[in-house]
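The shown structure was predicted, so the numbers you read here are calculated from the model rather than taken from an experiment.
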Amino acid sequence: MEGLPPVDFRGDLNDEQFAAVTSPRGPALVLAGAGSGKTRTLTYRVAWLLHQGARPWDILLLTFTNKSAKEMLERVEDLTGIPRGQFWGGTFHSIGQRILRRNAAVASRSPDFTILDQKESEHLFSEIVKAADGAFIKDKTNPKAAVILDAYSHARNTLRPLPDVLTERLDWMKGGTEKLLKFCADYEAAKKERNLCDFDDLLSLWLFVLENDPTVLAHYRQRFQHILVDEFQDTNRLQSRIIDLLASEHQIMAVGDDAQCIYTWRGADWENIMAFPQRHPGTQFHTIDINYRSTPEILDFANEILRHRPQVDGFERKLRSVRPGGAQPTVFTVGDTSQQAKLVGRKILQLHHEGHALADIHVLYRAHYQSLELQMELNALGVPFVITSGHKFFDLIHIKDILAHLRFVHNPPDQVALSRLLCLLPKVGPVAAEKIAKAAKEVNEAQGRGLVRALRDPAVLKRVPETAKDDFNDLTITLEDMLEGLEAAKSKPAPTRLDADLFRAAADATSHKVARTPAETVRVCIEGWYGSFIKTIFPDWREREQDLQGLIGFAAKFEDIGDLVAQVALLNGESSDKKAEPEEDMLRLTTIHQSKGLEFPIVFLLGVADGLLPLTRAIDDGDVEEERRLFYVACTRAENLLYLFSPRFAVSGEGYRPLDPCRFLEEMNPDCYELADYAHRRL
């Protein structure tokens with residue numbers, strides 16, 4: 001374009017970036033390593049195309065977040081003076097809805113279609129199920145709308161047959177998935193009739209338009225002379241298919257990092273970036289490995305992680321630092337996860353006393369429950385912290401539900417806890433819950449058997465809505481089972497140590513009741529009604545179940561249920577729910593997934609041991625290479641200091657569970673890190 005201000009491409013870019021930015025027309029794959037200036041490369045690529053004569057509307061820029069698109073186009077505007085509104089740039093979904101509105105008739109919609117949010121989609125699906133089969137909803141063993149829609153969404157985004165995905169994801173469901181297929185078909189018909197689109201439609205109908213109207217496909221192929229795709233390693237099959245159709249005749253530049261593909265669980269397909277050269281013959285490779293973020297020592301460690309992965313021609317990587325040398329990463333071996341928490345707390349205080357701001361320190365972990373013991377330790381030390389990956393452990397919905405069980409059996413007059421449990425049941429709200437609780441209180445006053453057992457009385461059952469009676473019965477059985485174990489425990493000597501067979505049912509010689517520790521009581525709760533309940537309610541129930549197992553480990557630290565409940569209350573009282581303000585000096589805790597794309601001066605990585613990182617489930621499912629990529633992502637967040645903690649045991653409800661050394665560390669050259677053995681030290 002004429003009239004553009006000059007840009008010093010050669011002076012503003014390093015050699016690797018310059019080669020990618022000035023790449024000739026044709027398919028190109030830019031492998032941009034962590035901290036290598038990927039956004040800068042994409043921004044200058046757009047500016048370069050404009051300087052070569054491209055018009056803003058010739059360029060399609062696809063990103064995964066609105067923030068990324070906004071940031072890039074703002075930088076382009078600063079470089080070229082061209083208003084960002086003239087570009088076709090945004091997330092896949094935003095571009096999809098823009099194209100759909102222009103070609104709505106092909107997708108059996110009118111241009112003014114409404115986009116449903118997640119809750120609205122679930123409400124509509126529930127309506128469909130109720131109309132098609134009212135008995136299905138009443139059956140407590142059947143999945144709710146959110147769970148079915150999650151599986152349906154996965155099938156659409158991965159272009160896999162829906163029957164296969166339903167069978168795979170809902171393998172616990174009785175009676176097969178035939179009805180679910182009809183529900184999904186009716187849901188599609190209802191959306192079409194009401195001129196609605198859910199979030200997935202913005203992509204699936206976009207693909208439908210391109211595949212079913214040659215005129216539309218030809219138009220957009222001609223329109224978008226230059227296609228740029230950010231974070232290509234995170235694309236799913238649906239997105240990749242759209243890109244392949246649009247870019248079959250024109251230039252495409254895909255930018256990404258195969259070593260940072262960590263979202264396959266939500267549909268991202270690692271093969272998309274690996275097979276890009278086969279799908280786009282003549283692909284030019286550009287590798288950007290000059291890292292501006294981390295010290296050479298941290299990058300040596302990160303390179304060692306990648307050196308042991310399966311190698312693919314053209315995808316070899318070796319990050320190089322432009323920074324002066326610093327400290328080697330340190331691997332601390334510790335006895336167990338409790339000692340890990342104590343050592344992390346001590347190191348954080350030490351760094352803070354040395355002048356490092358708490359806000360410069362980030363603690364990363366593979367799964368949310370792995371931070372529980374550290375949260376307790378930080379509260380005890382008075383270290384302010386904020387969890388940037390969600391709520392604190394005891395504020396998680398499913399954790400609070402289990403705690404409500406414990407509170408009620410420990411202190412039956414706790415009507416707040418009872419009301420929470422009752423409101424989990426179908427068709428039971430606060431008013432109905434109050435009526436049920438009142439009836440139980442009256443039965444207890446008349447019979448004196450206790451509120452927990454009073455719930456099982458027929459007079460109370462009459463107050464329960466018909467659709468909730470089965471669930472109510474299962475809930476009350478679980479509560480009574482928990483109560484009997486606690487009552488039996490009161491007549492036994494308190495245990496003095498964690499036993500290896502903590503959960504083995506031990507028959508009392510003088511009573512048919514089984515005495516249970518707090519950890520055993522939590523397990524009874526999880527394996528009772530609630531364990532089945534979460535499968536029908538939460539699409540991510542496997543992750544939530546993992547958190548619940550972490551709660552069993554927490555409970556194993558206590559000998560009395562009252563102490564457990566009291567400690568949780570104290571921890572919640574000492575914790576703040578507010579988000580950290582920019583000026584506040586607070587430690588940050590987050591999952592590895594949530595840390596992607598960010599950088600921190602000092603990184604602590606918890607649980608570097610087989611079973612924690614990589615997770616046991618990933619090992620069993622054969623997903624170890626994705627766990628390696630997670631390990632790589634975590635370590636490359638660090639700018640100056642990297643501390644890794646490798647526990648030998650995890651404290652769980654089953655006692656001390658031995659952990660094997662992290663397989664990724666075991667295969668690495670030990671010269672790339674310092675080893676500090678605290679396993680036999682008393683902290």
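No salt bridge links D257 with K38; every basic N to acidic carboxylate O contact stays at or beyond 4.0 Å. Of the charged side-chain nitrogens involved, at least one lies within less than 4.0 Å of a carboxylate oxygen, so that R628 and E625 count as a salt-bridged pair. Using a cut-off of 4.0 Å between Lys/Arg side-chain N and Asp/Glu carboxylate O, K70 and E74 are scored as salt-bridged. A salt bridge does not link E627 to R663: none of the charged nitrogens lies less than 4.0 Å from a carboxylate oxygen. With respect to the salt-bridge test (charged N to carboxylate O, under 4.0 angstrom), the residues R523 and E520 do not qualify. Look at R617 and E545 and you find no salt bridge, because none of the NZ, NE, NH1 or NH2 atoms lies under 4.0 Å from a carboxylate O. Between D258 and R309, at least one side-chain nitrogen of the basic residue sits less than 4.0 Å from a carboxylate oxygen of the acidic one, meeting the salt-bridge criterion.
Figure legend: K347 and Y643 shown as a cation-pi pair, the cationic atom lying under 6.0 angstrom from the six-membered ring centre and within 45 degrees of its axis.
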Trace of the side chain to side chain contact (heavy atoms under 4.5 Å, CB included) decision for R407 with V416 = CA-CA 9 Å; R407 286 171 50 187; V416 174; 4.0 Å; yes

How far apart are the C-alpha atoms of L364 and F600, what are their side-chain angles, what is the distance that settles it, and do they pass the side chain to side chain contact (heavy atoms under 4.5 Å, CB included) test? CA-CA 11 Å; L364 307 182; F600 320 117; 4.2 Å; yes

Note to self: Between E354 and Q350, is the side chain to side chain contact (heavy atoms under 4.5 Å, CB included) condition met? List the steps.
What the structure shows: CA-CA 6 Å; E354 291 173 357; Q350 177 187 334; 3.2 Å; yes

Practice problem: Would you check, one step at a time, whether the test side chain to side chain contact (heavy atoms under 4.5 Å, CB included) holds for T590 with L598? | Solution: CA-CA 11 Å; T590 192; L598 305 176; over 6 Å; no

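Side-chain contact between L406 and L564 is present, with heavy atoms from C-beta onward closer than 4.5 Å. Residues F385 and N379 form a side-chain contact, since some pair of their non-hydrogen atoms from C-beta on lies under 4.5 Å apart. The closest side-chain heavy-atom distance from Q546 to L615 is below 4.5 Å. The shortest distance between side-chain heavy atoms of Y292 and R40 does not fall below 4.5 Å. You'll find the side chain of D336 stays beyond 4.5 Å of the side chain of P647, heavy atoms only. D234 is listed as a side-chain neighbour of K596, based on a closest heavy-atom distance under 4.5 Å. Between V229 and F92 the shortest side-chain heavy-atom distance falls below 4.5 Å. Counting only heavy atoms from C-beta outward, the side chains of L381 and E377 approach each other to under 4.5 Å.
S646 contributes a side-chain N or O that, together with a main-chain N or O of V608, makes up a donor-acceptor pair within less than 3.5 Å. When atom types are taken as modelled, the side chain of Q594 and the backbone of T591 share no donor-acceptor pair closer than 3.5 angstrom. Put simply, the side chain of T63 never gets that close to the backbone of D230: no donor and acceptor are under 3.5 Å apart. Side chain of R293 to backbone of A34: no donor-acceptor contact under 3.5 angstrom is found. Not a single donor-acceptor pair under 3.5 Å links the side chain of H154 to the backbone N or O of D150. No side-chain donor-acceptor contact under 3.5 Å links E168 to the backbone of A151. For the pair S240 (side chain) and N236 (backbone), a donor-acceptor distance under 3.5 Å is absent. Of the possible polar contacts, none joining the D623 side chain to the E626 backbone as a donor-acceptor pair under 3.5 Å is found. Between the E304 side chain and the N669 main chain, a donor and an acceptor come within less than 3.5 Å of each other. Under the 3.5 Å distance criterion, the side-chain polar atoms of D289 are left unmatched by any main-chain donor or acceptor of R317.
In this structure, the ring of F285 has its center less than 6.0 angstrom from the ring center of F315.
Separating the CZ atom in R544 from the CD1 atom in I397 is a distance of 6.0 Å, to the nearest 0.5 Å. Summarising the geometry, atom OG1 belonging to T41 is positioned 7.0 Å from atom CG belonging to N14; distances are rounded to the nearest 0.5 Å. The CD1 atom of I348 sits 4.5 Å away from atom CG of L587, with the distance rounded to the nearest 0.5 Å. Distance check: I298 CD1 to N640 CG gives 6.5 Å after rounding to the nearest 0.5 Å. Taken from OH in Y530 to CG in D401, the straight-line distance is 3.5 Å, to the nearest 0.5 Å. I387 contributes atom CD1, which lies 5.0 Å from atom OG of S371 (distance to the nearest 0.5 angstrom).
Annotation: ring-ring contact (aromatic ring centres under 6.0 Å, His included) contacts of H593 (sequence neighbours excluded): Y263, W265.
In the model, D677 has a side-chain atom that pairs as donor or acceptor with a side-chain atom of T333 under 3.5 Å. Under 3.5 Å, the side chains of H362 and R637 contain no donor-acceptor pair of N or O atoms. Inspection of the Q233 and E231 side chains reveals an N or O donor paired with an N or O acceptor under 3.5 Å.
Contact record, L612 with G607: CB-O, 3.2 Å, taken as the closest heavy-atom pair. Listed here is the closest heavy atom pair of L665 and V331: CD1-CG1, 3.9 Å. Looking at every heavy atom in both residues, C662 comes nearest to P614 through SG-CD, 4.4 Å. The two residues A359 and D585 have their closest heavy-atom pair at N-OD1, 2.8 Å. Residues K400 and D395 share a closest heavy-atom pair of CD-O, 3.6 Å. V30 and A20 make their closest contact through CG2-CB, 4.0 Å (heavy atoms, listed as atom of the first residue, atom of the second, distance).
Relative orientation of the H368 and Y365 rings is perpendicular, given thresholds of 30° and 60° on the angle between their planes. Under the 30°/60° scheme for interplanar angles, the aromatic rings of F664 and F631 are found to lie parallel.
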